[in-house]
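Remarks on the structure that follows.
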Amino acid sequence: MFAFVASIGSATQDVAIDAWRIDVADERTPVELLSAIYQLGYRTASIVGGAFALFLAARMSWPTVYLLMACLIGVMLLIALAAPDTERSPDVAADLLDQPGEIAPRARAIALIIVGSSWVWAIVRIVVFMTSMLAEVPPGGKRPSAGDFLKYNGPLIVLATVIVPLIVAAVLNWLKLRGHQVQAVVDTRVSPARTIANHLYRALIAPLADLTERMRWGVLVVIGLILTYALCYNVWASFAYPFYLDYMHYTKDEVAFASKIFGIVMSIIGVSVGGYLFLRIGRFPTVLIGAALPIFGNFLYADLADGAPYIDIVLHMLRLDVLAQALGGDLRIARLLLTIAYENVSTGIAGAAFVAYVSGIVSKKYSAVQYALLSSLTFLIGSLGKGFAGELIDKIGYAAVFRDVAVLGLLAIFFVLLEWWRSSRSSTAAASGEG
């Protein structure tokens, strides 16, 4: 239950902070500056919540560590209360949706019922499965399988939370284009229920309707790219510490330094390289590189799990094993540092590429909401696949799972190439139309 609450809180925080930094940006404080500050804050928080927490855990009990972290979060709550916000009219949503030519309230209500029912069904399915996992297993019984749940319910959950809302948005655009189910005059009716429904419509459906209107069938490619782009490294991220501590038997201090201090420095380098590549070679080449590099990171982890035979060859060729010994380390630490260095640089490039790509496709009219929705989709399949990956690790081991997840990274490359082709065609068509 604590893990469930923490996951909800973490996802909500990610969506809120991304939407906030876009929403409050202005000419004096542009979104690029806020994004850079956000990246710095994120990595600083990773050091405090990761390396510092592990450092404390080696010297005191975990309950005490969590209590100290909770106190820090309490301080952040006070700071958040003082954060700037944008001025807005409380009825701006109603004003925009009640104009002539907009979808009629009845059609909007039906759309909300369909989308809301799909989301409620998906949430109920997940909660029911979680409850069954927490329930006591009767004698001779068998605990529910996360792999079976993903196999039979995973595609349906993606269908309910992504595909159904996209279809509803496309149908509404079709109706609006042909003048069906639209308002002929200004709708002046006001009620609390109408206001709530309008806010829900603008938060859940209107941003997707805008995407489908601008991109048409290409929105499916965009959603496919977003769903699969981080899949290669999101699925196994939850198993990093069990892998380091329990399987590879590194100490907490070693993992704290390698993953949370050294690793964060490497990720900052990766983000910087990603920004440089955008300036030098352009958007889609950088996005493609960001999709491909993490695949090899998974193979590195697989080799580390197998005893690092190939990593040792690289260390010896680059004389990094000698350097590690000269600095007071050993071959085990050198293996871990090389693997974490590559993984963090590659995911840093991928993260910078993804943020820039998503920021470039959102509409200024729905910039905050669209970015929040699209970026949150990045973790959907990865989150659904963690339970299945955990069962596979118990059955076939870390190395085999790392290799299997690496193969899944080919899906991201496919969607990047498809989106590159689609975007090039759209740009060529737009240029021809202007000509």
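These numbers come from the heavy atoms of this one structure, side chains and all, not from hydrogens, waters or symmetry mates.
Of the N and O atoms on the side chains of E419 and Y357, at least one donor lies less than 3.5 Å from an acceptor on the other residue. In this model, a donor atom of one side chain and an acceptor atom of the other lie less than 3.5 Å apart for S61 and T64.
The backbone N or O of R332 lies less than 3.5 Å from a partner atom in the side chain of Y250, making a donor-acceptor pair. Although no hydrogens or angles enter the test, the distance criterion places no donor-acceptor pair under 3.5 Å between the side chain of W420 and the main chain of F415. Within the 3.5 Å criterion, the main-chain N or O of D246 finds a donor-acceptor partner in the side chain of H249. Not a single donor-acceptor pair under 3.5 Å links the side chain of S10 to the backbone N or O of S7. One N or O on the side chain of N173 and one on the backbone of A209 form a donor-acceptor pair closer than 3.5 Å. A donor-acceptor distance shorter than 3.5 angstrom exists from the side chain of T251 to the backbone of E254, with no hydrogens or angles considered. Judged by distance alone, with hydrogens and angles left aside, the side-chain atoms of D303 form a donor-acceptor pair with the main-chain N or O of I311 at under 3.5 Å. Side-chain atoms of R108 come within 3.5 Å of backbone N or O of I103 as a donor-acceptor pair.
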R202 vs D210, test: salt bridge (Lys or Arg N to Asp or Glu O under 4.0 Å). Steps then yes/no.
CA-CA 10 Å; R202 286 183 58 80; D210 174 76; over 6 Å; no
Criterion side chain to side chain contact (heavy atoms under 4.5 Å, CB included) on I226 and F354, from CA distance to verdict:
CA-CA 8 Å; I226 291 172; F354 178 78; 4.1 Å; yes
Might you work through the side chain to side chain contact (heavy atoms under 4.5 Å, CB included) test for L166 and I223, ending with a clear yes or no?
CA-CA 10 Å; L166 281 176; I223 296 299; 3.7 Å; yes
Please determine whether side chain to side chain contact (heavy atoms under 4.5 Å, CB included) holds for the pair M60 and L68, giving the CA-CA distance in whole Å, both sets of side-chain angles, and the decisive distance to 0.1 Å.
CA-CA 11 Å; M60 61 183 67; L68 291 174; 4.0 Å; yes
Verify side chain to side chain contact (heavy atoms under 4.5 Å, CB included) between L408 and D404, making sure each step is shown before the conclusion.
CA-CA 7 Å; L408 293 178; D404 291 344; over 6 Å; no
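Side chains of I113 and I110 form no contact here, defined as non-hydrogen atoms less than 4.5 Å apart. With contacts defined as side-chain heavy-atom distances shorter than 4.5 Å, the pair Y244/I340 qualifies. Side-chain contact between F414 and L418 is present, with at least one heavy-atom pair separated by less than 4.5 Å.
For F299 and Y342, the distance between ring centers is not under 6.0 angstrom. Side-chain rings of Y247 and Y398 approach one another, their centers coming within less than 6.0 Å.
Ring geometry for F243 against F402 counts as perpendicular: the plane angle is over 60°, on a 0 to 90° scale with 30° as the lower cut.
At most 12 non-hydrogen atoms from other residues, nucleotides or ligands lie less than 6.0 angstrom from CZ of F52.
Salt-bridge annotation for D330 and R335: absent, with no side-chain N of the basic residue lying under 4.0 Å from a carboxylate O of the acidic one.
Note that R59 lies in the cation-pi zone of F55, set by a 6.0 Å cut-off to the ring centre and a 45° limit from the axis.
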